[in-house]
Number of protein chains: 2
Amino acid sequence: MNIQIDYQSRIPIYEQIVLEVEKLVALGILVSNEQIPAIRELAYNLGINPNTVKKAYDTLEKHGVIISKSTKGTYITDNIDIVKNRLINNIIDDIKSKIVELENLGLKKEEIKKKIDV
Amino acid sequence: MNIQIDYQSRIPIYEQIVLEVEKLVALGILVSNEQIPAIRELAYNLGINPNTVKKAYDTLEKHGVIISKSTKGTYITDNIDIVKNRLINNIIDDIKSKIVELENLGLKKEEIKKKIDV
DNA sequence: GTAATTGTACTATAACAGATAGTACAAAGG
DNA sequence: CCTTTGTACTATCTGTTATAGTACAATTAC
């Protein structure tokens, strides 16, 4: 599993793992029912502590992205579409709120459209 | 100076002050050469430590938003337009990168346009 | 069988950024 | 003088993040 961590980032490592896995799922790189690396394995590969990976996996399970099957490993949920849609909607909402910010600063929709070139 | 701080936010207080002041400047609520509250005064009003406000003011001065005049107080720069334009460009860049994210997730420009309703 | 691997669950500690507390100084202005 | 201003320290506290280490039960592989 190819995950990129920025150790200088303000975003905690465990949360970067969450975001990266969700992105890989949304991109279709990780598919339904696929097994993802064991906690200790991913920790070793990233050069970080297993507890940190565990924390990320716990969050991902709470988000409904993965399912841990006790001694059998951890797997991607079979409901990828929900994950993808949630991700897309979050981004859309971000964009919308930023457009409102721009409007508050006096920009008209036409100017915004021109600047962001949609 | 009406500043809103979210003490639960992950964004540090001093940085929230920076963002809020820059927003007030961009909105035209704070105008060129206007004096802003003394460090101790704003700290008292917000119920926080003067050192925290000092850190925010230092950052704002580095950003070219305010100028401190030793014992005479602290003032808004006379070059508000630069501050405003920088703020706008930052938001635009944010939006652009999020649009790229959406495209990577398979959305076409037309779909994006429809969803964000620009 | 048994050794290795899996997720899980702890406790303890370290490291870091952010925030607070307190003190002090020089300069300006009334 | 006294107050207010920005500035400059040191020390400490706090909460989050991350590490270290250990242990256990269940499954898998050989």
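Below, read A as the first sequence line, B as the second, and so on, with proteins coming before strands; counting in each chain starts at 1.
- Under the salt bridge (charged side-chain N to carboxylate O under 4.0 Å, His left out) criterion, B:Lys84 pairs with no residue, sequence neighbours left out.
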Indicate every side-chain donor-acceptor pair of residues 86-102 of chain A with a distance under 3.5 Å to a residue at least two apart or in another chain.
from: A:Asn89; atom 1: ND2; to: A:Asn85; atom 2: O; distance (Å): 3.2
from: A:Asn90; atom 1: ND2; to: A:Arg86; atom 2: O; distance (Å): 3.4
from: A:Ser97; atom 1: OG; to: A:Asp94; atom 2: O; distance (Å): 3.0

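- With sequence neighbours excluded, no residue forms a salt bridge (charged side-chain N to carboxylate O under 4.0 Å, His left out) with A:Glu111.
- Of the residues in residues 29-40 of chain B, B:Ala38, B:Ile39, B:Arg40 come within less than 4.0 Å of DNA chain D through at least one heavy atom, sorted by number.
- Across all non-hydrogen atoms, the minimal contact from B:Met1 to B:Leu30 is SD-CD1, 3.7 Å.
- Legend: residues meeting salt bridge (charged side-chain N to carboxylate O under 4.0 Å, His left out) with A:Glu15, ordered by chain and number and at least two apart, are B:Arg10.
- When the side-chain nitrogen and oxygen atoms of B:Ser68 are compared with OP1 and OP2 of D:dT7, one or more of them lie within a distance under 4.0 Å.
- In this model, the phosphate group of D:dT5 is not approached by any side-chain N or O of B:Thr74 to a distance below 4.0 Å at OP1 or OP2.
- Protein atom OH of B:Tyr44 is 14 Å distant from nucleotide atom P of C:dA21, rounded to whole Å.
- The shortest non-hydrogen separation linking B:Ile11 to B:Ser9 is N-OG, 2.9 Å.
- Minimum heavy-atom separation, A:Leu46 to A:Tyr7: O-OH, 2.9 Å.
- When all heavy atoms of B:Ile3 and B:Val21 are compared, the pair lying nearest together is CD1-CG2, 3.8 Å.
- Residues from residues 56-66 of chain B placing a heavy atom under 4.0 Å of any atom in DNA chain C do not occur.
- The list of side chain to side chain donor-acceptor pair (under 3.5 Å) pairs with a residue in residues 46-58 of chain A, not counting sequence neighbours, reads A:Asn49-A:Asn51, A:Lys54-A:Asp58.
- Residue A:Lys54 is classed as a sugar-phosphate contact, given heavy-atom separations below 4.0 Å to backbone atoms only.
- Residues satisfying the salt bridge (charged side-chain N to carboxylate O under 4.0 Å, His left out) test with A:Glu41, not counting sequence neighbours, are none.
- Sorted by first and then second residue, the side chain to side chain donor-acceptor pair (under 3.5 Å) pairs with a member in residues 29-39 of chain B form an empty list; sequence neighbours excluded.
- Nearest approach of A:Asn104 to B:Leu27, heavy atoms of both residues: O-CD2, 3.3 Å.
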Contact state string [nucleotides 10-20 of chain C, B base, S sugar-phosphate only, - no protein heavy atom under 4.0 Å]
B-------SSB
What does the list of N/O pairs under 3.5 Å between the protein and nucleotides 26-30 of chain D look like, with a distance for each?
from: D:dT27; atom 1: O4'; to: A:Thr71; atom 2: OG1; distance (Å): 2.6

Going by atom type alone, with no hydrogens or angles, which donor-acceptor pairs under 3.5 Å involve a side-chain atom of residues 62-73 of chain B and a protein atom two or more places apart or on another chain?
from: B:His63; atom 1: ND1; to: B:Glu22; atom 2: OE2; distance (Å): 2.8

